[in-house]
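See below for the structure under consideration.
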2 protein chains.
Amino acid sequence: MAEHERASAMLAVSTVIFALRSDELTGGRAQVWLPLVRRIRAPFEGCWALPGGPLRVDEDLAYAAARTLADTTGLAPRYLEQLYTFGDAVRSPGDERVVSIVYWALVGSAEAEAATAGENVGWFSADDLPELAFDHKLIVEYALWRLRTKMEYSRIAHAFLGERFTLAQLREVHEAVLGRPLDPANFRRTIESSGAVVATGDYLTGTRHRPPRLYRYNDSIDLADAGPLPRQQPPFGLRQNRSTAEHRPTPESEQS
Amino acid sequence: MAEHERASAMLAVSTVIFALRSDELTGGRAQVWLPLVRRIRAPFEGCWALPGGPLRVDEDLAYAAARTLADTTGLAPRYLEQLYTFGDAVRSPGDERVVSIVYWALVGSAEAEAATAGENVGWFSADDLPELAFDHKLIVEYALWRLRTKMEYSRIAHAFLGERFTLAQLREVHEAVLGRPLDPANFRRTIESSGAVVATGDYLTGTRHRPPRLYRYNDSIDLADAGPLPRQQPPFGLRQNRSTAEHRPTPESEQS
DNA sequence: ACAAAAGTGTTACTAATACACCCATGC
DNA sequence: GCATGGGTGTATTAGTAACACTTTTGT
């Protein structure tokens, strides 16, 4: 519209990155974790904050979010969706005005556990966050709400898993995100009747009980309904996953 | 973060404004209508487009959306919510990059029908839109999807109505938005059991049938859940409604 | 009395839940 | 055999949809 009108605010893109961890720390139970970066400049110097940075010219918003994610974790997102744009005039006290377009992303558990926790990057449990800079605490809570809400009516859980998985693993993802146990029998029926997964015919052996079926996702069904918005595939182009292993490197083995 | 880094894109705020109309044109049936403005500059000169404009410094995003709404219709929003931020690098062919933060809003039917349709402003049925500039067609469809989706699990319908209303009027709103008839009996039960409305004890007379109860909304229940985001009241400060009458000025009258 | 919409009652169907119970493997 | 989780069956419940029916006004 205008020829060279001065911009009214700085434009930044931040990303809330979710992964699942089942460390010894978490007592074997899977939990939602997320990476934060330590600020090395004022304001909020030394505080933890969401990964992000200024939007570059000629860079799509989703691409900027994925780049941020890659810089922080060395990973590519399995799922990426815009969350909200925060742009109140007085977000940062006394500082230049910044409008933040925030995305949220899911990364695979296998990759996440092998991911580098580079300099000034720390992983935290979503239930036990440190003090966060700016309004990032609110943003993370909103992202968590969206994750939990969307998990109930959508099919984003598989973003945490490998190509093949058991229903118990899928259920574990749901339980970790929702924070409550689910009935295995009803969960099975719900998932199977939704058509979201198909049995591969193979079984996972090496457990000390009956071998569970291995499933894979039904590609013909969309991950999540974003309404009439064009399906934005996460921009995988910029960096490939470090670990190409699609599922946990455990002593477990597969056979038909 | 940066001292005086050049901004990477222009920042604009647009608003999709919804109102309900039951003209002679629509055959007595209420329909969703929205105002558009005709572009007077290239690109897309002469085309219809969403109301909007550049974000001003020291102006909150929601305030900018409400200001846009007031400039276009002379009204204040009854409901206002952020929709999405469109910022692909190549939205406008050959032009300067523009990142659009889009809001969607509801205005009361009574006010909307009395609203000024100022110069270069036109109202259109949501089901019969003209050619739109940029990617605004997609944006409107997304906003419509959100309106319809949210109507089913939230309580935004009353934004179209006055302070007091009959259940038939409320049902008419739902039917207009969803585009399909609803069973009056079941609708009544659903709404009443949700606790969203309370009977005033008064009845609407002047109809040629049994006088229906007048209800009002239960203020103790939130309009719509916007997640853990702080409830953003629509910024009413900038301009007041023209018509202070809260419901349609028809020959109908109220009495207890 | 009749039309028309308000409002009530009833039934059928579907989806969610709780939980009992059998199955197949490792030890 | 026994423990363990995989997997199946089933009864109960809650919510939704369809529709018959009664009520109260204006004409």
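Below, each value reflects all heavy atoms present in this structure, side chains not excepted, and no hydrogens, waters or symmetry copies.
Distances were taken from every side-chain heavy atom of B/His209 (C-beta onward) to each of D/dT4, D/dG26, C/dA6; the shortest belongs to C/dA6. With D/dG7, C/dT17, D/dC19 as the candidates, the nucleotide lying closest to the side chain of A/Arg213 is D/dG7. Of all nucleotides listed (D/dG26, D/dG6, C/dG9), C/dG9 comes nearest to the side chain of B/Ala185. Closest to the A/Arg189 side chain, of the nucleotides C/dC19, C/dT25, D/dG6, is C/dC19. The nucleotide whose nearest atom lies closest to any side-chain atom of B/Ala168 is, among D/dG26, C/dA6, C/dA18, C/dA6. Side-chain proximity of B/Pro211 to C/dG7, D/dT4, D/dT24: nearest is D/dT24. Counting only heavy atoms from C-beta on, B/Arg210 has its side chain closest to C/dG7 among C/dG7, D/dG5, D/dG26. Taking only side-chain atoms of A/Tyr203, from C-beta outward, the nucleotide of C/dA6, D/dG7, D/dC19 with the closest atom is D/dG7.
B/Thr200 places a side-chain N or O within 3.5 Å of a backbone atom of B/Asp202 that can act as its donor or acceptor partner.
The two residues B/Leu170 and B/His158 make their nearest non-hydrogen contact at CD1-N, 4.5 Å.
D/dG6 atom P lies 14 Å from atom CZ of A/Phe165, rounded to whole Å. The CZ-P distance, from A/Phe187 to C/dA15, rounds to 18 Å in whole Å. A straight line from CG of A/Asn186 to C1' of D/dT12 spans 12 Å, rounded to a whole angstrom. The separation between A/Glu152 atom CD and C/dA16 atom P is 11 Å, rounded to whole Å. Summarising the geometry, the separation between CG on A/Leu170 and P on D/dG7 is reported as 13 Å, rounded to the nearest angstrom. As rounded to whole Å, 14 Å separates atom C1' of D/dT16 from atom CD1 of B/Ile191. Rounded to whole angstrom, the span from the CG atom of A/Leu182 across to the P atom of D/dG6 amounts to 14 Å. Between the CD atom of B/Glu192 and the C1' atom of C/dT8 there is a distance of 11 Å, given to the nearest Å.
Applying the ring-ring contact (aromatic ring centres under 6.0 Å, His included) test between A/Phe124 and each of A/Phe18, A/Trp48, A/Trp33 identifies A/Trp48 as the sole match.
With 3.5 Å as the limit, one finds no donor-acceptor pair spanning the side chains of A/Tyr215 and A/Gln169. Between the side chains of B/Thr85 and A/Thr85, at least one donor N or O lies within less than 3.5 Å of an accepting N or O.
Sequence order on DNA chain C of the closest nucleotides to B/Pro212 and A/Thr190 puts B/Pro212 first from the 5' end.
Between A/Arg188 and the phosphate of D/dG7, there is a side-chain N or O to OP1/OP2 separation shorter than 4.0 Å. The shortest distance between the side-chain N/O atoms of B/Arg208 and the OP1/OP2 oxygens of D/dT24 is not below 4.0 Å.
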